[in-house]
Amino acid sequence: MESISIEGTPKTPTVNFDAATGIVEIKGRSIPENSIEFYRPLVEWLEEYSKEPQKLTTVNIQLEYFNTSSSKCILDVFKKLEAIKKARNEVVINWYYEEDDEDMLEAGEDYESIIRIPFKMIEVVD
Amino acid sequence: MSFNIDERYKKMNKGEVLLAYKGSITAELITNVLGVVESKLDHVISKSITKKKIYNILVESLQNLYHHVDDLPDEINEGMDIHFGIFVISKVDEQYVIRTGNFLKNDKVKKLKERLDKIKSLSKDELKELYKFVLNNQKFSDKGGGGLGLIDIARRTDGRVDYEFDEFDDNYSFFNLNITI
């Protein structure tokens, strides 16, 4: 299965999805006007990956900003990961947030309470 | 006609104005404005969290404009730019204020008013629950908006969101949103 590697722009994040290592990363900014277009291939990739996932999938989400249009798409990503976990695979989600960024920490907690995978909250200190 | 766009724009330019714009609201414009505002904020605010809050709210309010502006019909718009909207970012008494304005069809006013009044009446925890409910249960609208923008803004500002509607004619109103950070 091919990996996904997308470089970030001022409005879209850096994405690295690697089926061989089971590492799924989204970093940077996610603030496009229409997020569905950007996230559709990512959700489709996870759908494909979920057929034959690694024993351990490690997810690193490190967003500086994301808009509400992205927030639904990010939830779709998490729901695919939840399905992988439900099929008895290990999924670890690392949610990174900048020191003192309570809003970003709370955003992670919101997702954590919707999907049934515990998040590791990691504070990034400059 | 009682409503005058230039007067309204003048009224919105209150305080120490960081940036004011009146014209077409496009995705490119938003990208450029965010770039300009971000570097400006770097100069005037040292606290990274405050900058982030302003930036986040600016993204939501501009994209709300982008998704919800109604164009006036050609015969009455007097050469106004298409997808017309206004926004002003200013500092008033040590607080940052973001004001946006756009035309809206009158048949949408009642629903928007009710929505804003409801959001304004909710506590922090209630807003959190509403946000999570909408996030998890509602589909995207055909305009691509998630229906979460206003809730998100209210959450980040502890409900300091005010609005005003100016009647323009029988079919259109001008919607003003004022956000205090």
Side-chain angles (χ1 to χ4, degrees), chain A residues 8-13 28-40 43 61-83 96-117 119 123-126, chain B residues 25-36 38-39 47-68 124-125 127-158:
Chain A
T9 72
K11 278 187 175 172
T12 54
R29 299 177 173 200
S30 184
I31 53 171
E33 279 72 29
N34 192 341
S35 306
I36 297 178
E37 242 169 84
F38 182 82
Y39 280 91
R40 184 177 293 123
V43 174
I61 310 286
Q62 187 166 358
L63 290 168
E64 193 187 354
Y65 296 111
F66 67 92
N67 62 357
T68 54
S69 167
S70 300
S71 66
K72 291 209 175 209
C73 297
I74 295 169
L75 180 62
D76 288 341
V77 166
F78 282 136
K79 288 203 163 160
K80 290 288 171 217
L81 294 163
E82 185 186 27
Y96 294 84
Y97 65 100
E98 197 198 343
E99 188 182 11
D100 296 333
D101 190 349
E102 294 291 324
D103 288 351
M104 192 56 84
L105 172 62
E106 209 177 340
E109 290 166 353
D110 288 350
Y111 283 121
E112 189 182 26
S113 73
I114 293 173
I115 65 161
R116 270 153 284 174
I117 306 176
F119 281 29
E123 188 172 15
V124 181
V125 183
D126 266 343
Chain B
I25 306 293
T26 64
E28 292 71 33
L29 171 86
I30 294 176
T31 309
N32 294 336
V33 165
L34 291 174
V36 170
E38 192 173 24
S39 54
K47 218 175 143 205
S48 153
I49 296 311
T50 313
K51 259 185 286 191
K52 273 190 141 177
K53 205 182 259 296
I54 297 171
Y55 190 85
N56 261 310
I57 293 167
L58 189 62
V59 169
E60 287 308 322
S61 53
L62 295 185
Q63 293 185 340
N64 247 345
L65 266 187
Y66 175 83
H67 289 300
H68 298 293
K124 207 172 170 56
D125 287 343
L127 280 169
K128 184 186 175 79
E129 288 314 309
L130 179 63
Y131 181 93
K132 275 160 56 179
F133 178 80
V134 175
L135 177 63
N136 200 18
N137 292 288
Q138 266 170 27
K139 294 267 169 254
F140 277 100
S141 73
D142 53 355
K143 287 186 173 176
L148 285 168
L150 289 172
I151 304 171
D152 184 70
I153 292 170
R155 265 184 99 178
R156 292 181 194 275
T157 59
D158 291 324

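The sequence lines fix the lettering, A, B, ..., with proteins before strands; numbering per chain opens at 1. In this text the structure is predicted, and so the values were computed from the model without any measurement.
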Report task. Check each atom of B/Leu135 against the heavy atoms of chain A and say whether the ones under 4.5 Å are side chain, backbone, both or neither. Result -> both
Query raised in the report: By ring-ring contact (aromatic ring centres under 6.0 Å, His included), which residues pair with A/Tyr65, not counting sequence neighbours?
Result: B/Tyr55
**Report entry** For chain A, the option from B/Val59, B/Asp152, B/Asn136 that forms the most heavy-atom pairs under 4.5 Å
**Finding:** B/Asn136
Report summary line: For A/Lys80, the salt bridge (Lys or Arg N to Asp or Glu O under 4.0 Å) test, sequence neighbours excluded, returns A/Glu47
**Report entry** Other residues, nucleotides, ligands: >12 heavy atoms within 6.0 Å of A/Glu37 CD
**Finding:** no
Query raised in the report: With a 4.5 angstrom heavy-atom cut-off, which part of A/Leu75 approaches chain B: side chain, backbone, both or neither?
Result: side chain
**Report entry** Side chain, backbone, both or neither of A/Glu106 within contact of chain B (heavy atoms, under 4.5 Å)
**Finding:** both
Query raised in the report: Heavy-atom distance under 4.5 Å to chain A: side chain of B/Leu62, backbone, both or neither?
Result: neither
Query raised in the report: Picking from A/Cys73, A/Pro13, A/Ser70, what satisfies side-chain contact (heavy atoms from CB on, under 4.5 Å) with A/Phe38?
Result: A/Pro13
Query raised in the report: Are A/Phe119 and A/Phe78 near enough that their ring centres are under 6.0 Å apart?
Result: yes
